[in-house]
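Shown next, in structure tokens, is the structure this report addresses.
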Amino acid sequence: MIEKMSFVTLAGPKTEIDYLVSHYLNKHDIHLENALTEFDSSEQLTTFSEENPFKAIFNKSHELMSLVKNPETVHTEKISVHKAEKFIEKIDDKLSDVREQISGIEKKKQALDEDYNILAPFKTLNYTLKDIRNMEFFKYQFGRIPKSEFDKFESYLDPDLNAIFITCLVDVEYVYGVFFAPIEFFEEVERDFHNIRFDSIEIPLKYKGFPNEECLEIARKKTELDEDIQKLQRQIDEIINQDKEKLVSAIRRIEMAYANFDVRKYAAVTRDSGITFQVLCGWMTKKEAAKLKKETDDDVDVVCIVNDDVEGHKTKPPTKLKNFKLIKPFEMFVRMYGLPSYNELDPTLFLTITYAFIFGIMFGDIGQGLCLFIGGLLLYKIKKMDLAGIVCAAGFCSCIFGALFGSFFGFEFESLISPLNSKIVLPFLGEINIVLVAAFLFGSFIIISTMILNIINAIKQKNLGKALFGPNAITGLIFYGSIITVVLLYMTGHSLPGTIVMIIMFVVPLILIFLEVPLKNLLNKKKPLIDESPGIFGATAFFELFDYLLTYLSNALSFLRIGVFAISHAAMMQVVMTLAGAENGGTPNILVVIIGNIIVLAMEGLVVGIQVLRLEYYEIFGRFYDGSGREFVPYRKKYKK
């Protein structure tokens, strides 16, 4: 159900906007709209131009809040904005010195990381860096060669070239190492290495030992720095926890002050007799609007105007759903598709009934249904998960149809219908599974129901053309209803009245559906009746009509999957019982039965849940539901969150 809305306008002195926000907007649910968008703009109506003075302190408070552990459990107290600002500044100053120390240590760690990345590829080198640098007759160069070039290394260099290359590391892209050459030949050797794309790497002079030992020393220094950071972090925690309640209270107060000032972007400012007024407007439920009006009647500084006419405004009313507790979890699926617009039917109840009912048919088993019901109920009670509530309802219906089908964890007993064995003989079709017939009839009933809901929606939206003409309008309802009537008459042996109904009731609705566009334009007094030439219109309308006819057929056949899944579920459980050795009255292996039920429950339960949701969205919602509404978001929930 969609709650009825009223449009509320609040006006008062500009200097009192904070008073208005704290005394009224923070106590009542109101979905704010931009006042300038709602009212005609003029020289007497402008916006607030001030910048939010709490922006800087708000950013600081946001940083401090990230340091508080479990702030939602902290008891808060009332505090003035001025005291809140001073306290946050005080805490921030205490933390600034510690933060600077941490920043300095982080820079040292970064420098060590850079040095480690330079030294690490040469850890296997069995010479100290000091000895390499102190060579009298040789020069050296650390670096890397692309692996693709390294394969050509030996064949490329002159065998008589005075150079030695020591490989230290080979990774996916590069070969790391160091080459040595006599001083008099170094420049020539360096050119040769440059030709094979040798990239030199400079080793910092402060490192003099074996590269591996230097890397270990770097790791030790980093560990010491991490310990220093942890000590400083503990200091920060001590500062935060010293006055945790007061800090959280101050942060909450600043957040409220920031949000209260930020509400000005929704307000309009007007002048009258030299006094500056501010105007706020938005949507409220009728019940809440009446409470607000009653409270403001005694306030001489505030004017409250409540308008119950939702049509005369530039903004459309937002949608606030209000459903019974039993069906409220299914609002999750409605929101996933899209909220209903204000003048549209809320499909939650219809979705609840059809989803649970269809799931029960497709997954009919008392035992497995009880597992879903109990598991979903416990999760819903403990975790308040909407999906758990949906599973609970689906499990309940599974129990009902499990009793109808005679199945308890795959063990069969006497029942009204057997998904695998119950047959019916129909004219033209012969013997057919009764579950498939029931699924087709159920699908036809759902399609007719959605057409009726579409007509109701059109009437609510005062769209006569949508109600009368179209595949889901009255014309479509007559046409589809006639098809079902003819099928039933022929199947029951009444071919003569079936032929009469077919001749009379098929032709007229099809003609009206064919002429849907010009008939709607005629009702809306729109000219021309068709935008294209008659030939183009006729061809387009013909193919659209043909598409509608195919859609009718495909939609009806799509519901056959309900029966197919019911049969496949029974067949899968029969396989489980066969594997457990229960055929021909044998004693079943309980372990196999348990494992088989778990697999079927997990795998097929998920598949059935998705398939039912697909039927809801594509075959049901697509016929009557737009889902183009916008959610009702109260100011106090949006800004005080």
Side-chain angles (χ1 to χ4, degrees), residues 59-60 62-69 91-136 138-150 153 163-181 186 189-190 193-194 196-241:
N59 290 335
K60 286 184 180 180
H62 188 70
E63 292 176 6
L64 291 176
M65 185 62 89
S66 65
L67 301 174
V68 180
K69 296 178 181 178
I91 298 296
D92 190 65
D93 289 340
K94 285 184 179 180
L95 295 178
S96 61
D97 293 337
V98 183
R99 286 169 173 164
E100 286 181 10
Q101 293 180 53
I102 292 176
S103 177
I105 295 174
E106 291 288 355
K107 288 180 180 178
K108 290 180 181 179
K109 279 187 62 181
Q110 185 178 355
L112 288 174
D113 283 334
E114 292 174 357
D115 290 348
Y116 185 88
N117 291 334
I118 292 173
L119 287 168
F122 308 103
K123 287 194 292 186
T124 58
L125 190 63
N126 248 343
Y127 302 94
T128 66
L129 297 172
K130 180 180 178 181
D131 290 341
I132 292 175
R133 293 192 187 105
N134 291 338
M135 288 188 301
E136 295 183 18
F138 286 86
K139 292 184 72 175
Y140 67 92
Q141 184 63 64
F142 289 86
R144 65 183 185 182
I145 305 171
K147 197 172 182 182
S148 59
E149 297 292 331
F150 185 72
F153 178 67
I164 297 173
F165 182 81
I166 299 177
T167 301
C168 297
L169 173 70
V170 180
D171 65 13
V172 177
E173 295 185 34
Y174 294 98
V175 176
Y176 292 82
V178 56
F179 73 81
F180 299 90
F186 185 79
V189 171
E190 189 177 33
F193 272 85
H194 177 73
I196 58 171
R197 294 165 59 191
F198 180 85
D199 294 329
S200 63
I201 297 174
E202 295 298 327
I203 305 294
L205 296 176
K206 59 184 176 181
Y207 298 107
K208 299 177 181 179
F210 290 99
N212 185 47
E213 293 179 355
E214 295 291 357
C215 286
L216 292 173
E217 180 64 17
I218 289 174
R220 187 189 64 79
K221 289 179 179 178
K222 283 180 62 180
T223 301
E224 291 179 354
L225 293 177
D226 285 334
E227 291 175 355
D228 292 340
I229 290 175
Q230 289 176 5
K231 291 178 182 178
L232 293 171
Q233 289 289 358
R234 285 194 289 271
Q235 290 184 30
I236 291 176
D237 292 338
E238 289 175 5
I239 294 172
I240 294 296
N241 291 325

Taking [X] first and then [Y], would you say they form a salt bridge - that is, a charged N and a carboxylate O separated by under 4.0 Å?
X      : Y      : value
Arg234 : Glu238 : no
Lys60  : Glu63  : no
Arg197 : Glu149 : yes
Asp131 : Lys208 : no

| query | For the side chain of Ser103 and the backbone of Glu100, is there at least one donor-acceptor N/O pair under 3.5 Å apart? | reply | no
| message | Check whether Ser200 reaches the backbone of Gly143 with its side chain - one donor and one acceptor, N or O, closer than 3.5 Å. | response | no
Validation row: [X], [Y] side chains within 4.5 angstrom (heavy atoms):
X      : Y      : result
Leu119 : Tyr207 : yes
Leu205 : Leu129 : no
Ile203 : Arg133 : yes
Glu106 : Ile229 : yes

Candidate list [options], test side chain to side chain contact (heavy atoms under 4.5 Å, CB included), partner [X], passing option:
X      : options                : answer
Leu67  : Ile240, Asp237, Ile91  : Ile240
Ile201 : Val178, Ile118, Asn117 : Ile118
Tyr176 : Thr167, Val170, Asp171 : Asp171

Atom [atom1] of [X] and atom [atom2] of [Y]: how far apart are they, to the nearest 0.5 Å?
X      : Y      : atom1 : atom2 : answer
Lys109 : Asp228 : NZ    : CG    : 10.5 Å
Phe180 : Ile132 : CZ    : CD1   : 4.5 Å
Lys206 : Asp115 : NZ    : CG    : 4.5 Å
Lys108 : Leu112 : NZ    : CG    : 9.5 Å
Ile236 : Arg99  : CD1   : CZ    : 6.5 Å
Asn126 : Cys168 : CG    : SG    : 9.5 Å

| query | Should the heavy atoms of other residues, nucleotides or ligands under 6.0 Å from CD of Gln110 be counted, would the total exceed 12? | reply | no
| said: Can you tell me if Tyr127 has over 12 outside heavy atoms packed within less than 6.0 Å of its OH? | reply: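 For Tyr127, atom OH is not crowded (no more than 12 foreign heavy atoms under 6.0 Å).
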| Is the gap between the ring centers of Phe179 and Tyr140 under 6.0 Å? | no
| request: Show the numbers, then the answer: is there a side chain to side chain contact (heavy atoms under 4.5 Å, CB included) between Thr124 and Phe210? | output: CA-CA 9 Å; Thr124 58; Phe210 290 99; over 6 Å; no
| query | Going through the checks in order, is the side chain to side chain contact (heavy atoms under 4.5 Å, CB included) test met by Tyr116 and Glu214? | reply | CA-CA 8 Å; Tyr116 185 88; Glu214 295 291 357; over 6 Å; no
| query | Stepwise, does the side chain to side chain contact (heavy atoms under 4.5 Å, CB included) test hold for Phe165 with Phe193? | reply | CA-CA 10 Å; Phe165 182 81; Phe193 272 85; 3.7 Å; yes
| request: For the pair Lys139 and Val189, evaluate side chain to side chain contact (heavy atoms under 4.5 Å, CB included) and give the outcome as yes or no after the intermediate values. | output: CA-CA 10 Å; Lys139 292 184 72 175; Val189 171; over 6 Å; no
| said: Checking Arg220 against Glu224 for the salt bridge (charged side-chain N to carboxylate O under 4.0 Å, His left out) test, could you report, in this order, the C-alpha distance in whole Å, the side-chain angles of both residues, the deciding distance, and whether it holds? | reply: CA-CA 6 Å; Arg220 187 189 64 79; Glu224 291 179 354; 2.4 Å; yes
